[in-house]
Amino acid sequence: MTYESYIFDLDGTLLDTLGDLAASCNYALRVHGLPERTVEEVRRFVGNGVRKLMERAVPEGCPQAQFDEVYAAFRRHYLDHSLDTTRPYDGVPELLAELRRRGRRVAVVSNKFYAATQALVRHFFGDEVAVAIGERENIRRKPAPDTVLEALRQLGMPRETAVYIGDSDVDIDTARNCGMPCISVLWGFRDEPFLRAHGAATLVRRPEDILALG
C-alpha cells in the first residue's frame, strides 16, 4: 500500500528527548526534597504524557498538593531546558525531507504538553511537519484516537491512506484505536521484546526503512 499521510509520535520516535526529560524530572524532585530517579527509570515512565511521568516518579503516597507543586516545577524547568540535549535521531531529518519531496503529508501527535510539542517540532523540523499536536485540555490524549484524527483533519487527509509511527505500547494501542496500521521503531524508548509482547507487527531499525514500507 502507498501511504499518503504519516503520523509520527515525537519522544523516542523523531527526537531523543530522554536526557532533558530526566533532568527536568530530577530538578522538580530535588527542589521538593524527594529522591531522584535514574535515566533508565525515567525511560520506563515516559509514554503517557508528562503528568503521568511525574506521577510515576514521585514516591508512593505523595500528597496531592505536593505533587501539584512538583509537576508545576517540572513544566517550568522543561519549557526552559527542552533543547539542552534533545536531538533528532540519526536519519530522521533526511526521512522527513524525503517524505516531503515525495508529496506525502506529515504530522506529529504527542502526549507531551502542547507548548513543548509545538516548540520542539518547529525548532527541529520547521516546514517538514505540517501539523503538530500536543496534549490539550479539550481532547483525549493517546491511546485515544482523538489527537490523531484531529491531525488528519488538519491535514485534510483520510484515515484510510495514513500510517502511524511510534516507539511504544501506547503508540500501538493508538494506531489500533484509530483503525490504522502501525510501524514500531526500534531506536526509541522501548526494545523489540517489549514491543512484540504488546502487539507490534511491523518493526523498523532505521528511519530510512520506513520509506520501503509505503
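Excluded from the calculations below are hydrogen atoms, water molecules and symmetry mates; all remaining heavy atoms, backbone and side chain alike, are included. Positions are given from 1, in the same order as the sequence printed here.
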Mutual orientation of the aromatic rings belonging to Phe67 and Tyr71 [parallel < 30°, tilted 30-60°, perpendicular > 60°]: parallel

Out of curiosity, [X] [atom1] to [Y] [atom2], how far, rounded to the nearest 0.5 Å?
X	Y	atom1	atom2	value
Gln118	His123	CD	NE2	15.0 Å
Glu36	Leu29	CD	CG	7.0 Å
Ile183	Ile7	CD1	CD1	11.5 Å
Leu95	Arg104	CG	CZ	11.5 Å
Thr202	Asp209	OG1	CG	12.0 Å
Ser168	His198	OG	NE2	9.5 Å

Face-on cation placement of Arg75 at Phe113 ring, 6.0 Å and 45° thresholds: yes

Lys NZ or Arg CZ of Arg30 over Tyr27 ring: under 6.0 Å, within 45°: no

Could you tell me which non-hydrogen atom of [X] sits nearest to which non-hydrogen atom of [Y], and how far apart they are?
X	Y	result
Pro158	Thr161	CG-OG1, 3.4 Å
Gly188	Arg43	O-NH1, 3.7 Å
Leu186	Leu203	CD2-CD2, 3.5 Å
Ile172	Cys182	CA-SG, 4.0 Å
Arg37	Val42	CB-CG2, 4.1 Å
Asp167	Leu195	O-CD2, 3.5 Å

Donor-acceptor pair, [X] side chain versus [Y] backbone, under 3.5 Å?
X	Y	result
Arg141	Glu135	no
Glu4	Arg105	no
Trp187	Thr13	yes
Thr117	Lys112	yes

Ignoring hydrogens and geometry beyond distance, is a side-chain donor-acceptor pair present between [X] and [Y] at under 3.5 Å?
X	Y	value
Asp20	Thr85	yes
Tyr164	Asp171	yes
Asn48	Arg56	yes

side-chain contact (heavy atoms from CB on, under 4.5 Å) partner of Tyr6, the single match among Leu96, Ile165, Val108: Ile165

Are [X] and [Y] close enough that some pair of their side-chain heavy atoms sits under 4.5 Å apart?
X	Y	value
Leu34	Pro59	yes
Leu99	Phe8	yes
Arg136	Thr147	no
Leu211	Arg102	yes
Val50	Phe74	yes

Asp173/Lys142 ion pair, N-O < 4.0 Å: no

